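Written below as structure tokens is the structure these notes are about.
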Amino acid sequence: MKNIAFQIQGMTCDHCARTVESTLRKVPGVSSASVSFSAGGGSAEVGDDLSLPALEQAVRQVGYRLIPADSVSSRTEDFSSPKAESGRSVVIIGAGSGAFAAALRVIELGGRVTLIERGTLGGTCVNVGCVPSKILIRQADHAWKPRTQPFDGIEHPNPGLHPLLLKRQRERRVLELQEEKYARILREMSQVTFLAGNASFVDARTVRVLLNGGEERTVSADRILIATGGRPSVPEIPGLSGTPYWTSTDALFSETVPSRLIVLGSGFVAAEIGQSLRRLGARVTVVGRRGSLLNRMDPDLGKGLERYLQEEGIRFVFRGEPRKVDYQKGLFRVDVDGETLEAEALLVATGRTPNTGDLALEKAGVSTNPKGEIVVNERLETNVPGIYAVGDCTNLPKFVYVAAAAGTRAATNMMGDGTVSLDLSVLPEVIFTDPQVAVVGLTGEDARKRGIAVEIRTVSLDQVPRALANFDTRGWVRMVAETTTGRLLGVQILAPEGGEVIQTAALAISAGKTVREIGDQLFPYLTMVESLKLCAQSFHKDVRQLSCCAG
């Protein structure tokens, strides 16, 4: 018998690891196999006559790629020697969007990179976050809209649903993007040495890497960037541990749609996945600790979205933390303030936790806040000179586009090519429910806390020609303007495709535009973005008295 260690490319969750593990165990000549999603690979005990191609072929047939561990680490190089001729050496811990953005900029500026990743290339967004969730949302939209479309003369069909096929389609697109935007780019970056394994600090300039194949490396560099991301957090509820509850990852790659689903949480993950699975046929109950959805935003946004989701059949229970969770014979029972909720599936969507606990940050002296997030300054540098951090492991806003922008700027600062900061003063956000929630800038409450006198106007979508033509007038657009100057300070939107409108508002705020200037701009007629013009005009006119395309 012999032991073969390997990496698996294409895994997106623990279920993927179980699929690969089960596949390998069925190969003739394999006596045992173990695969871990967090480690990005595993090992197998095989007969002496079993060839590696047999394992590779078996794994490829279920949609993944097996790579021998020795070939993964064959490009390793220790930078503890004097700096390479090409420039500074940088260690980057993590391989998500922030890490890759930083690596690309370091290379542009003449440096060399050691990139360390213990799991799957691409981080949260492409693998278990933005990409699969938006595919799920769109799949659910196509299942729901034929049954609810508003036009006379069009019948309401009931599309057949095949959850396994939907799941496989999400996985295929994830694998395509992982390959094209991460694996291919990594192969083409000769200045990058990739190490697959777990990194931890030895001191402020050195990290130890336990490679997934079992070997250990020590790497030193001129600068170090931490970009280890985050993971779903799980509250300590009696009875929850040990049950087959879902995190967002499990929900996004489930092969089935449960008949009933309980969602713990009231943020964007709970709203997006809860609505999607409701539209695919589940009866959904959302359990929140506070009084409404999206409690960190303008309260009208959460209350408005909640009303629309209730109309689709989602029930909301806002009574604090569940007291107990019980799971028996395929059924969850959740005790919430005297009521017992029952469902076949339980989704825990109660926030995220930074991946910082295994880094031995104390050996480098890097500070974290009470949440475990690495604290960075405007240059993306930690309290330790030469150590930087970006992405979900930090105290920065948890958006992939923030992580990528921070990675580029951190790399510029690490390479000593001037001092650049990350400007978060105009940060657009989108929640991809239907209708969507989109915000940028200040709310009225934000402005008042800063001592700014403001005027606020809200235009409902029944005043927007595009929405009327769509026969879908759910939602509204709100503008916050400085009283003395009329300068636009913030926009909040609850509207179908509101995310396609918000960047125009962000550009207007960045340019210092007033609401009168926005109202005088030419906007194409019968577009949703025209809602911004109408809302801006409402500061000076009664838009109900305007003709359809009044200028």
Side-chain angles (χ1 to χ4, degrees), residues 11-18 36-40 94 96 118-120 123-125 127-130 132-133 136 198 228-254 258 260-274 276-277 282 284-290 293-296 316-328 330-337 340-359 368-374 391-395 398:
M11 294 193 298
T12 58
C13 60
D14 289 329
H15 177 76
C16 296
R18 292 193 295 271
S36 167
F37 169 63
S38 62
R118 66 180 180 180
T120 304
T124 295
C125 179
N127 290 302
V128 295
C130 315
S133 68
L136 174 66
N198 286 276
T228 49
R231 64 188 185 280
S233 61
V234 179
E236 294 183 0
I237 300 173
L240 179 63
S241 177
T243 69
Y245 65 83
W246 283 353
T247 65
S248 57
T249 300
D250 301 305
L252 291 174
F253 294 97
S254 173
R260 291 176 295 178
L261 170 69
I262 298 170
V263 182
L264 302 185
S266 56
F268 75 93
V269 173
E272 289 182 355
I273 296 181
S276 296
L277 293 181
V284 176
T285 301
V286 174
V287 179
R289 291 181 300 174
R290 302 184 184 179
L293 281 175
L294 313 179
N295 53 72
R296 69 178 182 84
F316 292 91
V317 178
F318 294 109
R319 300 177 188 168
E321 288 277 9
R323 298 174 182 271
K324 185 178 66 172
V325 173
D326 180 65
Y327 179 78
Q328 294 184 39
L331 188 68
F332 283 95
R333 292 181 177 86
V334 180
D335 289 343
V336 184
D337 194 26
T340 299
L341 306 174
E342 294 186 348
E344 286 70 28
L346 174 66
L347 168 61
V348 178
T350 52
R352 293 183 66 80
T353 298
N355 292 327
T356 57
D358 298 332
L359 292 172
T368 60
N369 64 19
K371 297 179 181 179
E373 300 168 333
I374 298 170
D392 288 1
C393 65
T394 73
N395 59 333
K398 308 300 188 282

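Keep in mind it's a predicted model, so treat the numbers as computed, not measured.
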Just so I know, are the side chains of [X] and [Y] near enough to count as touching, which here means a heavy-atom distance under 4.5 Å?
{"X": "Glu344", "Y": "Leu261", "value": "no"}
{"X": "Leu347", "Y": "Ile262", "value": "no"}
{"X": "Ser248", "Y": "Val128", "value": "no"}
{"X": "Ile237", "Y": "Leu264", "value": "yes"}
{"X": "Asp250", "Y": "Tyr245", "value": "no"}
{"X": "Arg118", "Y": "Asn355", "value": "yes"}
{"X": "Phe332", "Y": "Leu341", "value": "no"}
{"X": "Phe268", "Y": "Leu293", "value": "no"}

Arg352/Glu373 ion pair, N-O < 4.0 Å: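 A salt bridge is absent here (no side-chain N lies under 4.0 Å from a carboxylate O).
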Chi angles and distances behind the side-chain contact (heavy atoms from CB on, under 4.5 Å) call for Asp358, Asn198: CA-CA 8 Å; Asp358 298 332; Asn198 286 276; 5.5 Å; no
To the closest 0.5 Å, what do you measure between [atom1] ([X]) and [atom2] ([Y])?
{"X": "Ser266", "Y": "Arg296", "atom1": "OG", "atom2": "CZ", "result": "11.5 Å"}
{"X": "Arg333", "Y": "Lys324", "atom1": "CZ", "atom2": "NZ", "result": "10.0 Å"}
{"X": "Ile374", "Y": "Thr356", "atom1": "CD1", "atom2": "OG1", "result": "6.0 Å"}

side-chain contact (heavy atoms from CB on, under 4.5 Å) between Leu359 and Thr228, worked out: CA-CA 9 Å; Leu359 292 172; Thr228 49; 4.0 Å; yes
Side-chain donor or acceptor of Ser233 paired with backbone N/O of Thr350 under 3.5 Å: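 The answer is yes, because a donor-acceptor pair under 3.5 Å joins these two groups.
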Short side-chain to backbone donor-acceptor contact, Thr394 and Gly391, under 3.5 Å: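 The answer is yes, because a donor-acceptor pair under 3.5 Å joins these two groups.
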Donor-acceptor side-chain pairing of Thr340 and Asp335 below 3.5 angstrom: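 Side-chain D/A pair, Thr340 to Asp335: present.
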Heavy atoms of other groups near Arg289 CZ, more than 12 under 6.0 Å: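 Open.
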Full working for side chain to side chain donor-acceptor pair (under 3.5 Å) between Thr247 and Arg231: CA-CA 9 Å; Thr247 65; Arg231 64 188 185 280; over 6 Å; no
